[in-house]
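Have a look at the structure below before the remarks.
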Amino acid sequence: LGSLRGSLENSTMVPKAEGHAMSTNTTVVNGSSSLDGMSAAALGALTSSSSKGKVMTLYHQTSPSIAALILKGGFKAGSGGWCGGGIYFATTRHDTDSKAIGPHSHTGFIIVATVDVGKVLQMTSTCDRSMTGKNLSGQGYDSISFNPGDGDEYSIYSADRVLSAKDYSR
């Protein structure tokens, strides 16, 4: 399968919605738009432990066209990657450059997201390619953190864990 490091786009393919225009400054919060104009610094201030679990500001790189689909319709878990078919995030904007390198990855647009990572399972650098959300949940965890050698990554398996997402440049 070649290197799937970060396999970000494999984890976020969203069917193209025909005839729907979208602004890149839209923020999706549980399927509805809000928090438009919130800066990355302000989103960073939201990193905390909450009643939902551990909430973090994380970054995802993709192509501009796929980013528009994500910002309109939300993230979708993929079928493969270091930790199986999840939705992958980096902890810094710069780390997305070395992570969006898998065969299904795309580049050129960074999404900053507020993610409820909940209870995190720390994995080794090679993670577990057979991992699923059901498997992880059965172990009592909500997400995975691992470092394949180029910085920490988080993988979630449900788009509901993404509390908000917006264009990093805005």
Side-chain angles (χ1 to χ4, degrees), residues 4 6-40 42-48 50-93 95-96 99-100 102 104-121 131-137 141-145 153-170:
L4 290 177
S7 187
L8 295 178
E9 269 336 306
N10 193 32
S11 69
T12 61
M13 296 306 265
V14 178
K16 182 169 179 150
E18 295 296 326
H20 289 94
M22 190 193 137
S23 165
T24 57
N25 67 349
T26 300
T27 302
V28 177
V29 180
N30 292 334
S32 63
S33 294
S34 66
L35 302 177
D36 283 339
M38 183 176 275
S39 70
L43 282 173
L46 292 175
T47 300
S48 65
S50 72
S51 60
K52 291 183 178 284
K54 183 177 180 184
V55 176
M56 299 179 71
T57 299
L58 298 171
Y59 303 85
H60 179 92
Q61 186 163 177
T62 187
S63 68
S65 62
I66 293 174
L69 295 171
I70 291 169
L71 293 173
K72 181 171 178 72
F75 285 89
K76 304 263 179 166
S79 59
W82 281 107
C83 302
I87 304 167
Y88 290 80
F89 295 92
T91 57
T92 72
R93 173 264 169 265
D95 283 349
T96 66
K99 294 181 179 300
H104 300 286
S105 295
H106 302 275
T107 60
F109 191 103
I110 296 175
I111 295 171
V112 59
T114 303
V115 181
D116 176 5
V117 295
K119 186 175 178 186
V120 181
L121 175 62
M131 183 59 73
T132 65
K134 183 178 179 181
N135 198 352
L136 185 66
S137 178
Y141 293 94
D142 303 305
S143 65
I144 289 175
S145 176
E153 286 185 45
Y154 284 83
S155 180
I156 60 172
Y157 298 84
S158 170
D160 293 341
R161 300 205 79 78
V162 179
L163 304 177
S164 69
K166 72 173 284 169
D167 177 343
Y168 172 77
S169 69
R170 300 208 174 237

Which pair of heavy atoms, one from [X] and one from [Y], lies closest together, and at what distance?
{"X": "Gly86", "Y": "Ser155", "value": "CA-OG, 3.7 Å"}
{"X": "Val55", "Y": "Thr114", "value": "CG1-CG2, 3.3 Å"}
{"X": "Ile87", "Y": "Ser158", "value": "CD1-C, 4.3 Å"}
{"X": "Leu121", "Y": "Leu136", "value": "CD2-CD1, 3.8 Å"}

Go through it in stages, so that I can follow the logic: the residues are Tyr157 and Met131, the test is side-chain contact (heavy atoms from CB on, under 4.5 Å), and I'd like the CA-CA distance, side-chain angles, deciding distance and then a yes or no. CA-CA 10 Å; Tyr157 298 84; Met131 183 59 73; 3.5 Å; yes
Given the options Thr91, Val162, Ile156, Leu58 meets side chain to side chain contact (heavy atoms under 4.5 Å, CB included) only with Thr91
Kindly compute the distance separating [atom1] ([X]) from [atom2] ([Y]), expressed to the nearest 0.5 Å.
{"X": "Phe109", "Y": "Thr62", "atom1": "CZ", "atom2": "OG1", "value": "9.0 Å"}
{"X": "Met56", "Y": "Ser145", "atom1": "CE", "atom2": "OG", "value": "7.5 Å"}
{"X": "Lys99", "Y": "Tyr59", "atom1": "NZ", "atom2": "OH", "value": "14.5 Å"}
{"X": "Thr57", "Y": "Leu163", "atom1": "OG1", "atom2": "CG", "value": "10.0 Å"}
{"X": "Phe75", "Y": "His60", "atom1": "CZ", "atom2": "NE2", "value": "5.0 Å"}

Worked verdict on Asp116 versus Arg161 for salt bridge (charged side-chain N to carboxylate O under 4.0 Å, His left out): CA-CA 5 Å; Asp116 176 5; Arg161 300 205 79 78; 3.4 Å; yes
Judged by atom type as modelled, is there a donor-acceptor pair below 3.5 Å linking the side chain of Gln61 to the main-chain atoms of Ile111?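 Pair absent, no side-chain N/O of Gln61 close to backbone of Ile111.
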Report the C-alpha separation of Val115 and Tyr154 in whole Å, then their side-chain angles, then the decisive distance to 0.1 Å, and conclude whether the side-chain contact (heavy atoms from CB on, under 4.5 Å) test is met. CA-CA 10 Å; Val115 181; Tyr154 284 83; over 6 Å; no
Counterpart residues, side chain to side chain contact (heavy atoms under 4.5 Å, CB included), relative to Ser137 (two or more places apart): none
Can you sort out the partners of Ser65 under side-chain hydrogen bond (donor to acceptor under 3.5 Å, both in side chains), two or more places apart, ordered by chain and number? Ser63
Return the set of residues passing side-chain hydrogen bond (donor to acceptor under 3.5 Å, both in side chains) with Thr92 (not counting sequence neighbours), or none when no residue passes.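 Expected list: Asp95.
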